[in-house]
Protein chains: 2
Amino acid sequence: MALIQSKTVANQVDEILLERIRDGNYLPGSRMPSESELSDELGVSRATVRTALAKLAANGLILRKQGDGTYVNARVRDVSAHFGNLWDLVQLIEGNGYKPSIRFISIQKRPATDKEALALALEEGDDLICIRRLFFADHKPVSLADNFIPFSLLREPLESINGQLHIRDIFHNYFHQDIAFVITDIRSTIIGEETRAFLGGQSDRAILNLSISFYGKNNLPLAFGINHFDDSVLRLSLVQAWA
Amino acid sequence: MALIQSKTVANQVDEILLERIRDGNYLPGSRMPSESELSDELGVSRATVRTALAKLAANGLILRKQGDGTYVNARVRDVSAHFGNLWDLVQLIEGNGYKPSIRFISIQKRPATDKEALALALEEGDDLICIRRLFFADHKPVSLADNFIPFSLLREPLESINGQLHIRDIFHNYFHQDIAFVITDIRSTIIGEETRAFLGGQSDRAILNLSISFYGKNNLPLAFGINHFDDSVLRLSLVQAWA
DNA sequence: AAGTGGTCTAGACCACGGC
DNA sequence: CCGTGGTCTAGACCACTTG
């Protein structure tokens, strides 16, 4: 098969199908080729085709009907996020149809408060790296993101950190750690004065508050993040297949 | 193997493993038996074991390490929801450690407004069924849930509807339809007077607002729901494995 | 009846981690 | 090195929908 070497075969199949959907080779609402046909055409086993299709179905991009066929979901155009990229603000902003950009506000080292020490399994007073960034959608500020990481985990010079990167890549590049899972708390709050200084707008309005704990494979907390999220500009919209 | 007949083999394996984790047969943080061992013990193929394990891993209940083993995630105790049951308020309330109950407020038939007609692909003025329910956590009101369903889809007497059921079951039992996928919008709002009459509390506080569109296999909208959600009582907390 | 997706099996090879 | 999970294959049977 004509697949460039990269990732797994199933992921490559997934990308091919995604491309065909985006390019309109498979039109919204229409029936896609059957699993056997795809299996033959791409020269992979039916099981591999199925794992790729399963991923698309889980994200709501296709609908599968036993005894009938697989259909492209026509309704997913106006959805900004899928379960799984809830924390990828750049993708979220793009999904809403805006041009994303990031302003690096500050990075500093300071001792952890007792609350922070507890959340990150540190001793009170251990050093913390605090990264503050502001996300823009078409030059309009939409999210203030703070991330707190134990200083002891840092493996590269503090100054070398590139504030434009995704947290995943920041961790990979400068901390030599990979994130295994996250726990996200979604809350609704009245915007605070500090946040309003960055996001602007009325003083008594409600904003979304995403508190995210990042954990490594060893089950230890790697970082803690808070996203103050202006949902008057950005829609947090999720698709998911029904269990 | 000693499996009662129900669902698929993979789901049965999934339930067995879940039970062993909950019962403490597999302790938090400890290593579980390998895939081959489980495969031998339960008398199913390794592939089947893997699909069950994949589900647990996706929900963050276990951590898988290539070349090492599978570990029970010790940190998932205090998580109230998983991706996939975000709309199951009863489960959410239980996950927060409260006893859930539902008060049926009202059910009525009325013509759809233009906005509602658009969302549900109806003609303006077509009849709508409006179901209003109030969810309690230990007798404390935590969520006001409105659901709007086209009257034309109803297949059973309006009066026979059991307001204690999950939306999934209401659809299955009284509308003879199954939900294929949902699109959820998460918003933050100041509590309205009407909602506050049910949920109580201060007048200027922020609450979560989950707008949910339900779609069928045919890609047509089946229903629209709005959950006004008091996040001062109930934590909306999600685990997910990192992609 | 034919074709679809849904499930399951048995076996293979690989990449990785710990010993 | 060995055992682990990660990936893939080929083939089978089933449940379902459609003509």
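Protein chains get the first letters and strands the later ones, always in sequence-line order, with residue 1 at the start of each. These values consider heavy atoms only, across backbone and side chains, with no hydrogens, waters or symmetry-generated copies.
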Just do the salt bridge (charged side-chain N to carboxylate O under 4.0 Å, His left out) check on Arg64(B) and Glu35(B) with the steps written out, would you? CA-CA 11 Å; Arg64(B) 323 207 62 193; Glu35(B) 297 180 349; 2.6 Å; yes
Trace of the side chain to side chain donor-acceptor pair (under 3.5 Å) decision for Tyr26(A) with Asp23(A): CA-CA 8 Å; Tyr26(A) 301 151; Asp23(A) 292 357; over 6 Å; no
Before you tell me yes or no, could you show the steps for Asn73(B) and Tyr215(A) under side chain to side chain contact (heavy atoms under 4.5 Å, CB included), namely the whole-Å CA-CA distance, both residues' side-chain angles and the distance that decides it to 0.1 Å? CA-CA 11 Å; Asn73(B) 190 344; Tyr215(A) 297 90; over 6 Å; no
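Sorted by residue number, the members of residues 46-56 of chain B with any non-hydrogen atom under 4.0 Å from DNA chain D read Arg46(B), Arg50(B). Near DNA chain D, meaning a heavy atom under 4.0 Å from it, residues 64-71 of chain B has Arg64(B), Lys65(B), Gln66(B), Gly67(B), Asp68(B), Gly69(B), Thr70(B) in order of number.
Here the side chain of Arg133(A) pairs a donor or acceptor atom with the backbone of Gly163(A) at under 3.5 angstrom. In this structure a side-chain-to-backbone donor-acceptor pair under 3.5 Å is missing from Asn25(A) to Ile21(A). Judged by distance alone, the side chain of Arg168(B) and the main-chain N or O of Leu165(B) form no donor-acceptor pair under 3.5 Å.
The CD1 atom of Ile62(A) sits 15 Å away from the P atom of dT4(C) (whole-angstrom rounding). The separation between Arg31(A) atom CZ and dG3(C) atom P is 12 Å, rounded to whole Å. As rounded to whole Å, 14 Å separates atom C1' of dC16(C) from atom CD of Glu35(B).
In summary, contact between chain A and DNA chain D, defined as any nucleotide atom under 4.0 Å from a heavy atom of the protein, begins and ends at dT7(D) to dT18(D) in the 5' to 3' direction.
Side chains of Leu238(B) and Ile183(A) form no contact here, defined as non-hydrogen atoms less than 4.5 Å apart.
A donor-acceptor contact closer than 3.5 angstrom is absent between the side chains of Ser143(B) and Asn227(B). At a cut-off of 3.5 Å, with distance as the only test, a side-chain donor of Thr48(A) or Ser45(A) sits close to an acceptor on the other residue.
Each of Glu37(B) and Ser45(A) was assigned the nucleotide of DNA chain D with the nearest heavy atom; the assignment lying further toward the 5' end belongs to Glu37(B).
A pairwise comparison of heavy atoms in Ile167(A) and Ile179(A) identifies CG2-CD1, 3.9 Å as the closest pair.
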